[in-house]
Amino acid sequence: MEVSVSGTAIVILLVLILIALIVLIVVLLGRRRTPAPAPAAQVPRDPFAPGDQVAGDPRTLKAGDMVEYLGVRYFVRGSVRLREGGFTWSEHLLDADTIEGTKVWISVEEDPDLEVVWWTEHEIGDLTPSARTVVVDGVEYRREEHGTADYTSEGTTGLGVQGRVEYVDYEGPRGKYLSFEQYGGGRWEAGLGERVPTGSMTIYPGGGA
């Protein structure tokens, strides 16, 4: 009788061990099949955000800052801040040591997206901003805007501390622009512009406020 009880206990023990093994295998397989958590969604970030140390923020440009574009570095000589109604934008005159006798500047505006345009002075010749379309160097530009803005200047710009400017803006294909400006009723000046691709320009803040 004792042998029978002992044999029954062994069988029960083996059954319990077997059940425990089956439960363990099921748990392990369940863990393996658990899908990995989905990666957190990437929040789009502004490449020109103030915290970005690679590109810098063109919205804070001022005299004394340095700009690197297409492998060449320029110092910001002065800035012109413009306002027309509730709309504001800025233009920054750069040193032109590598382009003798030619003015180089960049404009920065948000309308509503941030747009940075690289400008070079263009000899106006017989050009006038009265036509609806203008052809320069084989590129056709169509008139987009015409207005008058108040401005204030900082640093070296060749302008007074404040005044008014009349402008006529033309737009061409593939991010090309033509702009006419007339400060204080003087002669028209013209510039050819190209949109600066995101990440192609680096800004190094200068000293001072």
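Side chains included, hydrogens not; waters and symmetry mates left out as well; all remaining heavy atoms used. Counting from 1, the numbers follow the sequence of the chain as shown.
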Subject >> Criterion salt bridge (charged side-chain N to carboxylate O under 4.0 Å, His left out) on R164 and E166, from CA distance to verdict >> reply: CA-CA 7 Å; R164 290 181 65 80; E166 182 179 2; over 6 Å; no

**OP:** Start with the C-alpha gap between L178 and V136, add the side-chain angles, then the distance that decides, and say whether side-chain contact (heavy atoms from CB on, under 4.5 Å) holds.
**Re:** CA-CA 9 Å; L178 169 66; V136 178; 4.1 Å; yes

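Residues satisfying the salt bridge (charged side-chain N to carboxylate O under 4.0 Å, His left out) criterion with E189, sequence neighbours excluded, are absent altogether. For E171, there are no salt bridge (charged side-chain N to carboxylate O under 4.0 Å, His left out) partners, not counting sequence neighbours. Applying the side chain to side chain donor-acceptor pair (under 3.5 Å) criterion to R83, with sequence neighbours excluded, gives no partner residue. By the ring pair (Phe, Tyr, Trp, His ring centres under 6.0 Å) test, W89 pairs with F87, Y167, sequence neighbours left out. Legend: residues meeting side chain to side chain donor-acceptor pair (under 3.5 Å) with T157, ordered by chain and number and at least two apart, are absent. Evaluation of the side chain to side chain donor-acceptor pair (under 3.5 Å) rule for S79 yields H92 as partners, not counting sequence neighbours. Judged as a ring pair (Phe, Tyr, Trp, His ring centres under 6.0 Å), and not counting sequence neighbours, Y141 has no contacts. Shown here are the salt bridge (charged side-chain N to carboxylate O under 4.0 Å, His left out) partners of E194, two or more places apart in sequence or in another chain: K176. Checked against ring pair (Phe, Tyr, Trp, His ring centres under 6.0 Å), Y183 has the following partners two or more places apart in sequence or in another chain: Y151. Listed by chain and residue number, E154 satisfy the salt bridge (charged side-chain N to carboxylate O under 4.0 Å, His left out) test with R81 (two or more places apart in sequence, or in another chain). For the side chain to side chain donor-acceptor pair (under 3.5 Å) test, no residue two or more places apart in sequence or in another chain qualifies with Q182.
With a 4.5 Å cut-off on side-chain heavy atoms, Y177 and R195 count as touching.
With L61 as the fixed residue, the side-chain contact (heavy atoms from CB on, under 4.5 Å) test singles out one of V76, V116, L94: V76.
Side-chain N or O atoms of D169 include none that pairs as donor or acceptor with a backbone N or O of S179 at under 3.5 Å. Formation of a donor-acceptor pair under 3.5 Å by the S153 side chain with backbone atoms of G160 is found in this model.
Counting side-chain heavy-atom gaps under 4.5 Å among Ile, Leu, Val, Met, Phe, Trp and Tyr, the cluster of F75 also holds M66, Y204.
In this structure, OG1 in T88 is found 9.0 Å from CG in L82, a value given to the nearest 0.5 Å.
Cluster annotation: I124 and V168 are assigned to the same hydrophobic cluster (Ile/Leu/Val/Met/Phe/Trp/Tyr, side-chain heavy-atom contacts under 4.5 Å, transitive).
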